[in-house]
Structure formats: structure tokens, C-alpha cells
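First up is the structure itself, then whatever we jot down about it.
Because the structure is predicted, anything quoted here is derived from the model rather than measured. The chains referred to below are lettered A, B, ... by the order of the sequence lines, with proteins before strands, and numbering in each begins at 1.
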There are 2 protein chains.
Amino acid sequence: MTITKENTKEIAGRSIFRSPRVSCVTCSLSELCLPRGLKKENLDKLDYIIKNSPPIAKGNHLYLPGDDFKSLFAIRTGSVKVYVLDKNGEEQIIGFYFPGEVIGFDAINKEKYICYAIALETLSYCKLPFEKMSLICAEIPEFQDQMFRLLSDEISTEHDLILTLSKRTADEKLAIFIMSLSNRFAKLGYSSTVFNLPMSRQEIGNYLGLAVETVSRVFTKFKRTELLDVDKKILSIKDKDALHALCGYNK
Amino acid sequence: MTITKENTKEIAGRSIFRSPRVSCVTCSLSELCLPRGLKKENLDKLDYIIKNSPPIAKGNHLYLPGDDFKSLFAIRTGSVKVYVLDKNGEEQIIGFYFPGEVIGFDAINKEKYICYAIALETLSYCKLPFEKMSLICAEIPEFQDQMFRLLSDEISTEHDLILTLSKRTADEKLAIFIMSLSNRFAKLGYSSTVFNLPMSRQEIGNYLGLAVETVSRVFTKFKRTELLDVDKKILSIKDKDALHALCGYNK
DNA sequence: TTTCCCAATTGATCTAGATCAATTATTGGG
DNA sequence: CCCAATAATTGATCTAGATCAATTGGGAAA
């Protein structure tokens, strides 16, 4: 099946789903997201251009490859999977993204999105029009700095993934993956030890370059050796030190 | 051995090595490098801040992890290997860079370099002081655009590497590697079919997540099947189509 | 030129993780 | 609530590529 914007259903704008107009000034993510370190008056400028979009349901796409690049997207709640399709139509996952994280940077150069971005669960997000952002960058040095930092951060994250993929065993890959989630959730103020896995085992395997069966077996092994518990989607870390040790320097 | 700036010898500034002051305006790489698409008058501003450093010899480091981040580096001639050391002190190669390419982006966020960058052969480069670059970005919109494009490009390149590392066979990895070099050399105006490999087999393997022996065996196989010839460091592509086919969508 | 030292190649064997296969949850649609 | 489709687990086997081992080749120093 070819995926198009048309066959990914948008949630109806029913009042129950209609989020209040959220501003960067009051957003709980402002210390993680784009606004980090910006002064109040600059935040207002940002608020002026950022479009606080209505939530979309699980399974909907934020963008598709080939769409004209207009905006970056900041995640407010929920999670996103970014992937491409290879020559055989096989999904190849590039990353999972959570609240406070910004996606779409890889489209800047090509002026088209080159990946698929799909909501793994009900998703609310802010749309960041890139042209306008560029203008504000030129105006507010702190904001330009912050943009460069975000881009740089994305590059660092991918360096880490590169090292994980090319030099680690299945056990290490999964430990690194879990610790990465744990750390990101902790930053968001959630528990670092008990959390929900919004993606399937299949998707974890795909992302880490492992077969599903291997992911499942490593989870079973980690349960047996009391590193963690995982029941369906709920994961709880029982021996953080041991997991951390498996990660080596990463994470 | 711990690597420090001190034990990487700088080439003496002997007249034979002293390069003429090269400006972006006259540089043959200006259509690939930072200046791409900039108007003459803006190029002059760029020239004013860019430091055209004296060449360094093979084996010298451009920067070390932990050094304060001051500058990006644009390669003028020669090639650079960027790597980190893992917990066991093992080298982990992040990338190889050639003329017209810019390195150091991953340091912006941390304000420290996080990788090693070493010259694989005699290297000439331009030093791009980041603070000053930021100022020019705010002044010249085209220049800001170009900076964003370069960062975005780096992210795309790493996406490609991620896909290569996690989903490809040894044959495919090597084909992708060779085609990537071929394409980059072609852009520089060099032959796309005959070129020099500035890195060792060991380094190719490290970069692609393969053992040296595997790299050697795949080269032998490619020679046997007439895809290419490789004698020591000189590689010549004999069947570009077949190599391209092995790459799938990449490159 | 000779010697030393790595880099590269080639062969033999081993193993982590893939693939194939079967079974048992789970989930979502009607 | 039921059923069909899908996700996850577990077991058995296979294989690409790692590892171990030995040999060859080439370049730099004297």
C-alpha cells in the first residue's frame, strides 16, 4: 500500500480534543524545547509565529517524503516515529521522538521532507514555520544560537546511534535504547524507572538493527537476570547500574 | 598512548609549505563549500573572518575531544578522519571528510569538541570562527540559510550512514562506501572512476562496522567479478552500474 | 640493498544473531 | 462479547561475518 496524506485520518476537531491555545511562555516544556534560555520578550515573538496545531490520532502522518518543507515540528505530547522506505518498500526507522524534541531538520537542505513522520499515539505538536523562524534568528541572537544548538544536538544524537549500531552486541543495543528512553523521560519529569514503550518490539528491532525475535529474547534474558521487568508495553527498570554498565560510555 | 596536542607535530612553517593567502572569492571550492550561492560582496565579509591556516602533515590533529569549541573547519586539500574512542580505548570512526566539506558541527551544542579530527594526508584547511560566523549569519540572510543547509546536510549524511550500518550486507556496505567516495570526488572535478583511498582497510572496516578481513575479502570478490580493480590504495571502478545496483536507493 | 614492521590477503573455524517454524497472547472491529 | 488479525514469545536451525592463524607484500630507515 502506498501511504498518502489522504489515507491517514485526521482526528475530528471535537471539543473534547480541542487543546487550549498553549503558548511557549506557559508551556511546561519551555526549558527543553526551542524556547530554552530565551527571555520573556523574545518568547513572545516566538509565540507569535508558532502554530499550535490540533492533536492528531495515532497512525497519522505529520509529513511525508516529497512534501514541500515548510515547517519544523516540536512535539508537545505523545511520540513520533521517523522512518524511510528502502528499495524493497521495507520500513527503516531513523528515530523515535518525544515531547520537547524537534523534528524535520533533515528537510532544510532539500526543501522537501525526506522521511515519514508518524504519530505512535495521540499527538499534540507545534508547527514551526521555517521561513519565519529564519527571520527571527537574524533578529534575536539567542534564538539563532538555540537553533544551531538544536541542529548540533541532532547530529550528536545520530553520532551516538551510529556507534551503537556498528559496534554493539544485541544486549548492549537494547540496554542503550532503554537507558536513552529512561533519561529522556526523566528530563520530562516522568519516572526514569517505569515507563511505557510506545513502539512495538518489531519497531525496536528495526531501529536497532535486530530481528524481533532477538529483541524478545534479550527482554526475556533481562527479566531472568533481574535487570528489568517488561509486561507488554510497560517497562520497569530494576537494576539501573547493571543496565548503565552495559551501555559503556554511551548514555 | 594518550593523544595530546603536544605529541602531534605541527609542520614547520617552511616557505615550501607556506600556502598563498587563498580567499573564498578565488577558491575553486566556492561552489561546494560555505560560500555556495553567496554574492561577491558577501563573500568578502566571509573572507574577512576566515583564517586560512598553514597546512598540517598527515597524522596531526585538527582538534581533540574536550578542546574548547571555537571554530568549524573547512577542508581545502587532503582528507580528514573523524573518530572517538570507546570505553576500551578502541577507535570508532564517525566519518571521512574531503575538500569543500565542513566539520565540527557536533561541537556547537557542547561548546567542546567531542571527537578527534586527524589529517589522513597533508592537509590544508580554513578555520571558521563560530562566534564571528554567527554574527555574519544575523547580518546576511543568504549566509544563515547556507549554514542551516550545511547542518541539515550533515544530518542527512548521517541518516544514510545509519541505514547503511544497520540494514546492509558487507558487499552492500562496501559498494555504498565506494560510490560515496566516487560521487564526492566527481563533484570536486576529479575522476569518479579512478581515485586514491586515503584510509587503510582497517579504517574502512571500522567505519562500516566490518572486520578488516571482511573488507579485504569483499575487495577480492569485487575484483574477481570485475566490478573494480584495487591495487594498494588505488581504486578503479570498472562496472559502475553493478556497484550502483548493489547500493539500492542509497547514493 | 637489507631489515624491520605493519598492512593486506587468504584460509580455517566459530558464533551471535538471523531465519524459519510453531504457539500463545493481545487488540481492535463489528 | 466474539473473532480475526496481529504482536510477542519460544524453540530449532542456519549463515554472514567475526575471530584466529599463517603468509605475503611494501615502504621506510640505515
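The ring-ring contact (aromatic ring centres under 6.0 Å, His included) test with B:F73 is passed by exactly one of B:Y125, B:Y97, B:F105: B:Y125.
Distance from the side chain of A:S200 is smallest for D:dA7 among the nucleotides C:dA7, C:dA18, D:dA7. Counting only heavy atoms from C-beta on, A:R201 has its side chain closest to D:dA8 among D:dA8, D:dG26, D:dG17. Distance from the side chain of A:E213 is smallest for C:dC20 among the nucleotides D:dT9, C:dC20, D:dA18.
Of the side-chain N and O atoms in A:R217, none sit less than 4.0 angstrom from OP1 or OP2 of C:dG17. OP1 or OP2 of C:dT10 sits under 4.0 Å from a side-chain N or O of B:T220.
The nearest whole Å value for the distance from the CG atom in A:L208 to the P atom in C:dG17 is 12 Å. Between the P atom of D:dT6 and the NZ atom of A:K232 lies a distance of 17 Å, rounded to the nearest Å. Summarising the geometry, the separation between CD on B:E90 and C1' on D:dT19 is reported as 14 Å, rounded to the nearest angstrom. Here the P atom of nucleotide D:dA7 and the CZ atom of A:F219 are 16 Å apart, to the nearest Å. One can place NZ of B:K167 at 15 Å from P of C:dG17, the figure rounded to the nearest angstrom. As rounded to whole Å, 17 Å separates atom P of D:dG17 from atom CG of B:N206. A straight line from CE of A:M199 to P of D:dA8 spans 11 Å, rounded to a whole angstrom. The CD1 atom of A:I234 sits 18 Å away from the P atom of D:dA7 (whole-angstrom rounding).
With respect to the salt-bridge test (charged N to carboxylate O, under 4.0 angstrom), the residues A:E101 and A:R184 qualify. By the 4.0 Å N-to-carboxylate-O rule, A:K233 lies too far from A:E121 to be salt-bridged with it. Ion pairing between a basic and an acidic side chain is recognised when a charged N comes within 4.0 Å of a carboxylate O; B:K167 and A:D86 show no such pairing.
Taking for each of A:K233 and A:T169 the nucleotide of DNA chain C with the nearest heavy atom, the 5'-most of the two is the partner of A:T169. Residue order along DNA chain C, read from the 5' end via each residue's closest nucleotide, puts A:V212 first among A:V212 and A:D231.
Residue B:A211 is in base contact, counting any heavy-atom pair closer than 4.0 Å across all strands shown. Within 4.0 Å (heavy atoms only), B:G205 reaches no atom of the nucleic acid at all. Nucleic acid contact class of A:Q202 (heavy atoms, under 4.0 Å, all strands): sugar-phosphate only.
The structure places CG of A:L165 at 7.5 Å from OH of A:Y207, a figure rounded to the nearest 0.5 Å.
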